[in-house]
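Read through the structure below, which is laid out as structure tokens, and then see the notes.
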Amino acid sequence: VEIRKDDWEKDDYKEFNFNKQSALKIRGAGGGNGYDFFINMDNIYLQTEMKGDSKTEPTILEARYRFGMILLGISILDFEENRRKKDNIDNDNGISVNEKISLFTEAISPTLLPMIASLGSSEFEA
């Protein structure tokens, strides 16, 4: 679900405490099957990249940001699930996987789009 600044205070999303640095928040889907992903499309770092990158269409930058963040969220979910099963962890110092995803994606949001752009334009030697 794409969340814009106008949505931050709506009842459906208030629990997430979105702000200009927020990136991705998740919620377990009804019935315990799967997750819903809520992505802040008014993240300050996304908006800065869109204003500063005149060569790339804003819709392309938004898509890179959206899919990059969602892939990171899915990766963290998978990692945490496997780690908890392997190490038989019930309580991880009170930090939920949802909180970990929120913190990690907020931390990576300033560098995600520049990283994608630099990787896409690099020539690698074998």
Side-chain angles (χ1 to χ4, degrees):
V1 178
E2 291 184 7
I3 305 297
R4 301 283 176 178
K5 187 174 183 177
D6 293 342
D7 300 321
W8 293 353
E9 294 299 316
K10 288 186 178 175
D11 287 342
D12 288 344
Y13 312 119
K14 222 175 197 176
E15 70 185 271
F16 297 124
N17 297 314
F18 278 106
N19 59 49
K20 63 184 182 178
Q21 287 92 16
S22 302
L24 179 69
K25 310 281 185 163
I26 66 165
R27 180 191 300 151
N33 296 331
Y35 294 89
D36 293 322
F37 291 77
F38 301 88
I39 188 154
N40 181 12
M41 298 306 288
D42 282 327
N43 172 280
I44 189 72
Y45 304 109
L46 169 60
Q47 295 303 314
T48 300
E49 284 294 318
M50 289 170 53
K51 289 176 186 169
D53 185 348
S54 59
K55 295 178 185 176
T56 309
E57 288 291 321
T59 55
I60 299 294
L61 292 172
E62 283 187 336
R64 288 176 180 171
Y65 172 79
R66 182 176 49 251
F67 293 120
M69 286 296 173
I70 290 170
L71 288 171
L72 288 169
I74 291 169
S75 296
I76 296 167
L77 280 170
D78 184 60
F79 175 82
E80 284 294 307
E81 182 178 314
N82 290 330
R83 185 178 73 90
R84 287 173 187 257
K85 285 180 184 175
K86 184 182 87 169
D87 297 338
N88 198 23
I89 297 172
D90 287 332
N91 185 344
D92 206 1
N93 295 325
I95 301 173
S96 72
V97 68
N98 297 25
E99 291 173 285
K100 289 179 183 182
I101 289 169
S102 178
L103 290 169
F104 180 78
T105 57
E106 185 172 324
I108 198 75
S109 66
T111 59
L112 179 68
L113 289 175
M115 182 174 43
I116 290 171
S118 69
L119 290 173
S121 65
S122 297
E123 292 183 24
F124 297 100
E125 294 181 22

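Distance check: Phe16 CZ to Asn98 CG gives 8.0 Å after rounding to the nearest 0.5 Å. One distance of note links NZ of Lys10 with CD1 of Ile3; it measures 8.5 Å at 0.5 Å rounding. Put simply, OG on Ser109 and CG on Leu46 are 9.0 Å apart, with the number rounded to the nearest 0.5 Å. Taking CD1 from Ile101 and CD from Glu106, the interatomic distance works out to 14.0 Å, rounded to the nearest 0.5 Å. Once rounded to the nearest 0.5 Å, the distance linking CE of Met69 with CD1 of Ile108 reads 7.0 Å. With rounding to the nearest 0.5 angstrom, the CG atom of Asp36 is 11.0 Å from the CG atom of Asp12.
With Tyr35 contributing its side chain and Ile74 its backbone, the two residues share no donor-acceptor pair below 3.5 Å. Side-chain atoms of Asn40 never come within 3.5 Å of backbone atoms of Gln21 as a donor-acceptor pair (strictly under, hydrogens ignored). Side-chain N or O atoms of Gln47 include one that pairs as donor or acceptor with a backbone N or O of Met41 at under 3.5 Å.
The shortest non-hydrogen separation linking Ile70 to Phe37 is O-CE2, 4.2 Å.
Listed by first and then second residue, the salt bridge (Lys or Arg N to Asp or Glu O under 4.0 Å) pairs involving residues 40-61 are Arg4-Asp42 (not counting sequence neighbours). Contacts classified as salt bridge (Lys or Arg N to Asp or Glu O under 4.0 Å) and involving residues 66-78 (residues at least two apart or in different chains) are given here: Glu2-Arg66.
Neither Met115 nor Ile60 shares a network with the other; the hydrophobic side chains, linked directly or stepwise wherever heavy atoms of I, L, V, M, F, W or Y lie under 4.5 Å apart, form separate groups for each. Taking hydrophobic clusters as Ile, Leu, Val, Met, Phe, Trp and Tyr residues chained together by side-chain heavy-atom distances below 4.5 Å, Ile39 shares a cluster with Leu113. There is a path of hydrophobic side-chain contacts, each under 4.5 Å, that joins Val1 to Phe18. The cluster map of Ile, Leu, Val, Met, Phe, Trp and Tyr, joined by side-chain heavy atoms under 4.5 Å apart, puts Leu24 and Leu61 in the same cluster. Leu71 is not connected to Phe104 by any chain of hydrophobic side-chain contacts under 4.5 Å among Ile, Leu, Val, Met, Phe, Trp and Tyr, and they are in different clusters.
Grouped with Ile44 in one hydrophobic cluster are Tyr45, the linkage being side-chain heavy-atom contacts under 4.5 Å among Ile, Leu, Val, Met, Phe, Trp and Tyr residues.
Aromatic rings of Phe38 and Tyr13 (six-membered ring for Trp) have centroids within the 6.0 Å cut-off, being under it.
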